Amino acid sequence: MICRWIAFNPSKISRVLSPFSSLFSTKLSSSSVAKLDDEPLSATNFTSDQRDYFGHEILFGMKKIGFREYLHGGQFRSVASELRQVHVEEIMCELMGESPDLSVWFFKELKDVYGFRHSRLSSLLVSHILAGQRRFKELQVVVEELLREEGKKWESTNVVWDMLLFLSSRSKMVDDSLYILEKMRDLNLSVSTQAYNSILYNFRETDKMWDVYKAIESKNEHTYSTIVDGLCRQQKLEDAVSFLRDSEWKDIGPSVVSFNSIMSAYCKLGFVDTAKSFLCTVLKCGLVPSVHSHNILINGLCLAGSIGEALELAGDMSKHGVEPDTVTYNILAKGFHLLGMIKWVWEVIQQMLDKGLTPDVITYTILLCGHCQLGNIDKGLRLLKDMLSRGFELNSVIPCSVMLSGLCKTGRIEEAFSLFYRMQANGVRPDIVAYSIVIHGLCRLGELDLAIWLYDEMCAKRILPNSRTHGAMLLGLCRKGMILEARALLNSLISTGCTLDIILYNIVIDGYAKSGCIEEALELFRGVIESGITPNVATFNSLIHGYCKTQNIAEARKVLDVIKLYKLVPSAVSYTTLMNAYANCGDTERVDELRREMKANGISPTNFTYSVIIKGLCIGRKLEKYNQVLRDMASEGVTPDQITYNTVIQHLCRAKDLFRAFELLEEMKSRNLEPTPATYDILINGLCFYGYLKDAERFLCSLQERDVSLSKFAYTTVIKAHCVKGDPEMAVKLFLQVLDRGFDVSVRDYSAVINRLCRRELAKEAKFFFCLMLSRGVSPDLDICRVMIKSSDVLGWTIKAEKLSQEEINLSYRMVPSGANCINISFFNGSLTVQSSFGVPSTNTKRHWWFCFSSLKPFCLVQFFGMGLKSLSLFLTVTSCKVVVLGVRTYLVNV
DNA sequence: CTAGGGTTAG
């Protein structure tokens, strides 16, 4: 029977039976199995041929009717008595592939309802499912019954218990394994060394390790090497060495495995030389260092930056009687990758292929990292595709994560998203890292809604967010200007009691700094210090930025010294931020001073630094020094990038030197620097500003024809110029193009156009844009309201502005993609009532975040605009420090 | 023993 089953489904049997079958193989003779299998449960009227098809027919029926329905139906009951173990086995195998739970249920149902006696194979199948699902109690029942069937009765209890202990311990179920251990002691059952070693392994990072160690009666080599490994992990390296030297097990002698643990630990602490000396000790003890030992040292050398020595040691391996393996080459490839020497990564892998070794997933992943690091995203995508076609798809989520990260970093979020779902279709399940990468990518680009959606999806899959995920969400909130919400999230993380990373604080401090709230940034910074968390340079850099943003350069300058007080070193960012503030005032003297200080402290200027320096020259009207700066850049090995060019082009435009500005555009292209959308913004703006509207329009068209990606600004600049020049037709034409191209058109864009049109008394066109805005679901802001009120064609009343208390308007804001910012407004007996439709924030909907602005006293301004006789549009604007909710509803009100 | 994710400046 078993042979037939193997032939029937060979792939399943090895996967399903391997660990358990060894346990029983000695206990069951093949003849007893055959006897059990062939014994019918009841007298049968079926021929043998019919019998063969019986199982298939039942399966067919089950599939057609539905499993549970079939089993409880009359059709099944009528054949149940004819069911034989062969059929049950076939059905169970079939069901396992579809649903392990169903097959357990089938097993139990047959036994409990029909009193079916299951075969050894069925019992083993079910045991495997139960063991896999850690349902140890049920497993025990099944296995015990199986043993009883075999006539072995209870003397096997010990084996069962020990196996349970071993399995639970190996599955890292520490509490369960301790419980089982306790029970076994109560029952006076002996514990195998294998099971004990596994428990020891789980406790090797704690002091409890010794209690387990003492309890083990017959210790073996594994026991000792686990202790050594444990001591290494507890940073007790000297204890590990002395345990190795003076322990009680001289008869067995130390193993290479123990030395490997010690060498690895020394490497991790950065003591590669000490680690190397242990290689000699290994030899002195008469042991042979394994490939493993060499790999540990080679890895240590690579991480220490000594790639030369690492290569040398790899070359010496054959002298020591071992050959480098795939892991060795992977380590070397990663070493070169870390040094940014991507070409050598290829070289190493080529050598590996020459040696006849096969690259594994890790080799490919390192290559993929190289492509992504060089910005060759498309090459990366091709490599990933190649990997998938080589059947690596089920191996790991990591290569996909590398690709996701590469796509996100280059802003190709749609492709990242599509890869994210394609990999799942291929059976690669995203983990916390993959989710965090995509969530971060979305947050970085301001796609907060999508990020929250993914975050919820992740939580629903019981993948718990960690510090990185929270960091991404904080960043997303800050980028959207939702600093209050970011702070609320940070506070809630703090209130969970775990110590937070400085980076999480940095994100919020920077959020404050960027929105000009230096006081709040400082308050949070003080909080960081009070909770004993060490700030890093980025923390201070954000503070510098915050001071500069609020025009307090003197304080910003002082932070530079504070950095040193904290025993940190100011970075290029620190200096560049400050220099930028001085450059914006054209203070080239201070810029130069900082440049000298930077040099004296051994910090190299970056592309950012140079563009700031050049900007300073432009604003300070010291362009004669420009060529000298270019020479400095060249000698420092810093090549100008697009933004350096943009800076110069912008200032040429401001100086009305459009000819040279366009010359620089050509120079950029000749240097293989693809102009950015901002480059075109600057040029188009320059043309419009000096009245070359026709040229601007022509330039815009030529760019469109060449399918160059343009920003919304390029269009609105030309549109605004048309409004000013009194050509609303062209303005309308271009504006519709902007909408067509899917740009995110904001109230400010409408406002800019409407303002200009009103100023030119083009009321008809202004009204057209106003209606266009309403039809696109964009709410007007106060500016537009004012302008429209002034415009003679539109009637308007300002009813009143009143302060509402928290009780009157319970304002909360829910972050969900669908947007639940619904506010009910009723106009009754001449008085106005405002209610939020979603009530008090609820704490039981934790998957969505609720923010209640409890400290907010909203200021409510309601304005009515007559858009016709009976149709009135009601605009509700709730303002505090910023506009929180903007809702537009059109109501029919009898006036 | 080898592969993936975060903060700051133009």
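To find a chain, count down the sequence lines: A is the first, B the second, and so on, and within it residues start at 1. Computed from a prediction, not measured in an experiment: that's the story for all the values here.
- The residue A:Ala434 sits close to a base: some heavy atom pair falls under 4.0 Å.
- Look at CD1 on A:Ile503: it is 13 Å from P on B:dG5, rounded to the nearest Å.
- Among the protein residues, A:Ser574 comes within range of no part of the nucleic acid, since none of its heavy atoms lies under 4.0 Å from any strand.
- Residue A:Lys549 is out of contact with every strand shown, counting any heavy-atom pair closer than 4.0 Å.
- Every pair passing salt bridge (Lys or Arg N to Asp or Glu O under 4.0 Å) that includes a residue from residues 267-278 of chain A is listed here, sequence neighbours excluded: A:Asp273-A:Lys276, A:Lys276-A:Glu309.
- Residue A:Thr326 is out of contact with every strand shown, counting any heavy-atom pair closer than 4.0 Å.
- Of the listed nucleotides (B:dC1, B:dG10, B:dT8), B:dT8 has the atom at the smallest distance from the side chain of A:Val573.
- The ring-ring contact (aromatic ring centres under 6.0 Å, His included) test applied to A:Tyr547 returns no partner, not counting sequence neighbours.
- Side chain A:Asn295 to base B:dC1: a donor-acceptor pair is found below 3.5 Å.
- Across all strands shown, A:Val327 has heavy atoms under 4.0 Å from base atoms, whether or not it also approaches the sugar-phosphate.
- Electrostatic pairing of A:Asp510 and A:Lys514 counts as a salt bridge here, judged by a charged N lying under 4.0 Å from a carboxylate O.
- Listed by residue number, A:Asn506, A:Ile507, A:Asp510 are the residues of residues 506-513 of chain A with a heavy-atom contact under 4.0 Å to DNA chain B.
- Counting only heavy atoms from C-beta on, A:Asp431 has its side chain closest to B:dG4 among B:dT8, B:dG10, B:dG4.
- Among the atoms of the strands shown, none is found under 4.0 Å from any heavy atom of A:Ser571.
- Residue A:Asn299 has a polar side-chain atom (N or O) positioned under 4.0 Å from OP1 or OP2 of B:dT2.
- A:Thr639 places none of its side-chain heavy atoms less than 4.5 Å from the side chain of A:Thr644.
- Side-chain proximity of A:Ile362 to the nucleotides B:dG6, B:dA3, B:dC1 is greatest for B:dA3.
- In this structure, the CZ atom of A:Phe608 is 10 Å from the C1' atom of B:dT8, given to the nearest Å.
- Heavy atoms of A:Thr647 sit nowhere under 4.0 angstrom from any nucleic acid atom.
- Ion pair A:Glu636/A:Arg595 not flagged as a salt bridge, since none of the NZ, NE, NH1 or NH2 atoms sits closer than 4.0 Å to an Asp/Glu carboxylate oxygen.
- Comparing atom distances between the A:Lys514 side chain and each of B:dC1, B:dT8, B:dG6 picks out B:dT8 as nearest.
- Minimum atom distance to the side chain of A:Val612 is reached by B:dG10, of the listed B:dG10, B:dG5, B:dT7.
- Base contact: A:Ile643 has a heavy atom under 4.0 Å from a base atom.
- Separating the CD1 atom of A:Ile614 from the P atom of B:dG10 is a distance of 15 Å, rounded to the nearest angstrom.
- Candidate nucleotides B:dA3, B:dG5, B:dT8 were compared by shortest atom distance to the side chain of A:Asn541, and B:dT8 ranks first.
- Among the atoms of the strands shown, none is found under 4.0 Å from any heavy atom of A:Ile439.
- If you check every strand for non-hydrogen atoms under 4.0 Å, A:Asn646 touches nothing.
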Tell me which donor-acceptor pairs under 3.5 Å the side chains of residues 440-448 of chain A have, and how far apart each pair is, sequence neighbours excluded?
from     : atom 1 : to       : atom 2 : distance (Å)
A:Arg444 : NH2    : A:Cys408 : O      : 3.0
A:Arg444 : NH2    : A:Lys409 : O      : 3.3

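- For A:Thr469, whose side chain is taken as the heavy atoms from C-beta onward, the closest listed nucleotide among B:dT2, B:dG10, B:dG5 is B:dG5.
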Under 3.5 Å, side-chain donor or acceptor atoms of residues 320-336 of chain A against the rest of the protein: list the pairs with distances, not counting sequence neighbours.
from     : atom 1 : to       : atom 2 : distance (Å)
A:His320 : ND1    : A:His294 : NE2    : 2.9
A:Glu323 : OE1    : A:Lys355 : NZ     : 3.3
A:Asp325 : OD1    : A:Asn295 : ND2    : 3.3
A:Asp325 : OD1    : A:Val327 : N      : 3.2
A:Asp325 : OD1    : A:Thr328 : N      : 3.0
A:Asp325 : OD1    : A:Thr328 : OG1    : 2.7
A:Thr326 : OG1    : A:Thr358 : O      : 3.2
A:Thr328 : OG1    : A:Asn295 : OD1    : 2.7
A:Thr328 : OG1    : A:Asp325 : N      : 2.9
A:Thr328 : OG1    : A:Asp325 : O      : 3.4
A:Asn330 : OD1    : A:Thr363 : OG1    : 2.8
A:Asn330 : ND2    : A:Asp360 : OD1    : 3.1

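- For A:Glu205, the salt bridge (Lys or Arg N to Asp or Glu O under 4.0 Å) test picks out A:Arg233, with sequence neighbours left out.
- Among the atoms of the strands shown, base atoms are found under 4.0 Å from some heavy atom of A:His292.
- For A:Lys334, taking side-chain heavy atoms from C-beta onward, the closest of the listed nucleotides B:dG6, B:dA3, B:dG10 is B:dA3.
- Rounded to whole Å, atom C1' of B:dT2 lies 17 Å from atom CD of A:Gln351.
- Atom CG in A:Asp360 sits roughly 13 Å away from atom P in B:dG4 (whole-Å rounding).
- The separation between A:Leu543 atom CG and B:dA9 atom C1' is 14 Å, rounded to whole Å.
- Under 3.5 Å, the side chain of A:Thr606 and the base of B:dG10 form no donor-acceptor pair of N or O atoms.
- Taking the ring centroids of A:Tyr435 and A:Phe420, they lie under the 6.0 Å cut-off.
- Looking at the side chain of A:Asp641, the nearest of the listed nucleotides B:dC1, B:dG6, B:dG10 is B:dG10.
- Minimum atom distance to the side chain of A:Thr577 is reached by B:dA9, of the listed B:dA9, B:dG5, B:dC1.
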